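What you are looking at is a predicted structure, and each value in this text was computed from that prediction instead of being measured. Hydrogens, waters and symmetry mates are skipped; everything else that's a heavy atom, side chains included, is used. Counting starts at 1 for both ligands and their atoms, in listed order.
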Amino acid sequence: MQQHIDSYDFRGKKAIVRVDFNVPLNENFEITDDTRIRRAMPTLKKVLAEGGSLIIMSHLGRPKKVEDKFSLKHIVAHVSECLGVPVQFAEDCQKADAQAAALKPGEALLLENLRFYAEEEGKPRGLAEDATDEEKAAAKKAVKESQKAFTAKLASYADCYINDAFGTAHRAHASTALIASYFPNDKMFGYLMEGEINAIDNVLKNAKRPFTAIIGGSKVSSKLAVLENLVGKVDNLIIGGGMGYTFIKAEGGKIGNSLHEDELIPQALEIKKKAAELGVNLSLSVQTRVADAFSNDANVQVVPSHEIPDGWEGMDAGEESLKRWREIILNSKTILWNGPVGVFEMPAFAKGTLQIAQDLADATAAGAYTLVGGGDSVAAVTQMGFADKVSYVSTGGGAMLEAIEGKELPGVAAIRGE
Ligand code: AMP
């Protein structure tokens, strides 16, 4: 049975906590953005404050073997500083028995990068390029087999399990999902994970209407499942950014050199058809800021989105589009935003994305629930200083996308399930 972190008795217990400390490091192994570490602190501090001890585990990067540059030793000092207690370090996540056993209430131990072992992900490594299907299947079976012992070892260190790693909740890895079965009555979400799940439920299950989704970014292909799920749930679906041009082309518009995917035109038409059948207002950009090169210094003009001249490409939403979208957003009670509506990394084409961030901030101030989820839109609201002006900013890119596709996340199911 699932427990709750606020009511669980941590006194004298050892908690193994999966966090997402996959932080960016520079060439001197200094942390360049510690958001993920800071977001895990409420959970970690709660355990210590309640008289428990901590075994903290995470991955860092995508190592395929033990590699110094992916060692979590680089972050121990910073984690200690944030947590306010010296954090011990276990150089091998599978050989931490003695250190875990010696932990006293109020003490913390960080395990070395879980992905130094193939068993964490349960995917075979080092297969020859020309491996046969039989060899691949045998390697997969072997790693799945040894994954059980790997998971059991991690579980043996602790009395209870907390998952606070939303960023990896869409993966059924040893530390994010499989380990939960060793703690049938002592497993729970951390505060960050709980916040993310509540935010998703607020939009996908309990949305106050009108409900508007703004989906931008580069490609339809990466967000097709998101669009297909949302079109059945929202009142307004705003499609902007690079992906919008596939829809505009599907409508017969001239899009010049704009980013588009011809092979996805049938799917775009299908989404349009479904929106029409369900009475969903599908709003594409009507006016576009186009450039004669994919560059911040390119020549620019503003044209109707369906009449982009040859040699020019759509880079940002034009004023007329932004005006229409603002009206929709300010009339909504629930708003989900994923993906920039222009090439916001270039200052000349960041205006549309900045305006959407402003619209969400204004809608939030007027009482709407606003969730910003998924990689680049999160970077955009954070860079532009709007992160604390919306209701919730998700920490999980891939996990948030899968959640809004309507999939059950393995990390969530493992805690909720029997
Ligand atoms: P995604 O990862 O799918 O959310 O896409 C984010 C990326 O989409 C950002 O790097 C933006 O620069 C890019 N993007 C947004 N609008 C456009 C556009 N009109 N043309 C090309 N790329 C775009």
Side-chain angles (χ1 to χ4, degrees), residues 167 170 213-230 237-251 253-262 264 267-268 271 283-322 325 336-357 360 371-384 393-405:
H170 57 314
I214 306 147
I215 306 297
S218 53
K219 290 184 173 169
V220 178
S221 51
S222 63
K223 292 187 191 163
L224 186 61
V226 167
L227 294 172
E228 285 172 346
N229 188 41
L230 287 176
L237 182 57
I238 294 173
I239 300 181
M243 61 196 285
Y245 301 105
T246 300
F247 283 81
I248 291 168
K249 187 163 182 197
E251 288 183 342
K254 275 183 63 216
I255 59 166
N257 288 345
S258 305
L259 193 69
H260 67 284
E261 294 163 290
D262 282 332
L264 279 149
Q267 285 88 337
I271 288 166
S283 180
L284 300 174
S285 170
V286 289
Q287 194 190 47
T288 291
R289 185 173 294 271
V290 295
D292 58 359
F294 192 76
S295 153
N296 193 50
D297 308 318
N299 293 309
V300 172
Q301 57 172 321
V302 176
V303 300
S305 302
H306 288 67
E307 293 164 34
I308 298 176
D310 290 341
W312 294 75
E313 61 188 294
M315 299 288 277
D316 197 8
E319 284 302 325
E320 191 50 38
S321 305
L322 294 171
W325 290 345
L336 166 66
W337 179 24
N338 175 288
V341 298
V343 186
F344 78 103
E345 298 92 336
M346 299 181 191
F349 307 107
K351 205 168 162 219
T353 301
L354 180 63
Q355 183 61 51
I356 299 284
L360 257 75
L371 167 61
V372 183
D376 277 318
S377 36
V378 170
V381 286
T382 309
Q383 270 170 34
M384 293 168 174
V393 179
S394 174
T395 54
M400 177 52 76
L401 270 187
E402 289 200 16
I404 57 181
E405 283 171 9

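Legend: residues meeting side-chain hydrogen bond (donor to acceptor under 3.5 Å, both in side chains) with S258, ordered by chain and number and at least two apart, are absent.
Of all protein heavy atoms, the one lying nearest to atom 19 (N) of ligand 1 is G314 O, 3.0 Å. Ranking protein heavy atoms by distance to atom 15 (C) of ligand 1, first place goes to G342 O, 3.1 Å. The closest protein non-hydrogen atom to atom 8 (O) of ligand 1 is S218 N, 3.2 Å. The protein atom (non-hydrogen) at minimum distance from atom 16 (N) of ligand 1 is G242 N, 3.1 Å.
Remark: side-chain polar atoms of D316 are paired, donor with acceptor, to backbone N or O of G352 under 3.5 angstrom. For the pair K254 (side chain) and D310 (backbone), a donor-acceptor distance under 3.5 Å is absent.
F294 CZ to M315 CE: the interatomic distance, rounded to the nearest 0.5 Å, is 4.5 Å.
With a 4.0 Å heavy-atom cut-off, ligand 1 is reached by the side chain of D376 but not by its N, CA, C or O.
Here atom 4 (O) of ligand 1 lies nearest to K223 when heavy atoms of K223, R289, E345 are compared.
Set against the non-hydrogen atoms of V343, the atoms of ligand 1 under 4.0 Å away are 12 (O), 15 (C), 16 (N), 17 (C), 18 (C), 20 (N), 21 (C), 22 (N), 23 (C). Residue Y245 has at least one heavy-atom neighbour below 4.0 Å for each of these atoms of ligand 1: 19 (N). Interface atoms of ligand 1 facing G241, defined by a heavy-atom separation under 4.0 Å, are 16 (N), 19 (N).
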Review item, side-chain donor-acceptor pairs of residues 298-305, under 3.5 Å, at least two apart:
residue	atom	partner	partner atom	Å
N299	ND2	D292	OD2	2.8
S305	OG	S285	O	3.0
S305	OG	S285	OG	3.0
S305	OG	V286	O	3.3
S305	OG	Q287	N	2.9
S305	OG	T288	OG1	2.7

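The nearest pair of heavy atoms linking F344 to A350 is O-CB, 3.5 Å.
Residues W325 and I214 have side chains not in contact (no heavy-atom distance under 4.5 Å, counting atoms from C-beta outward).
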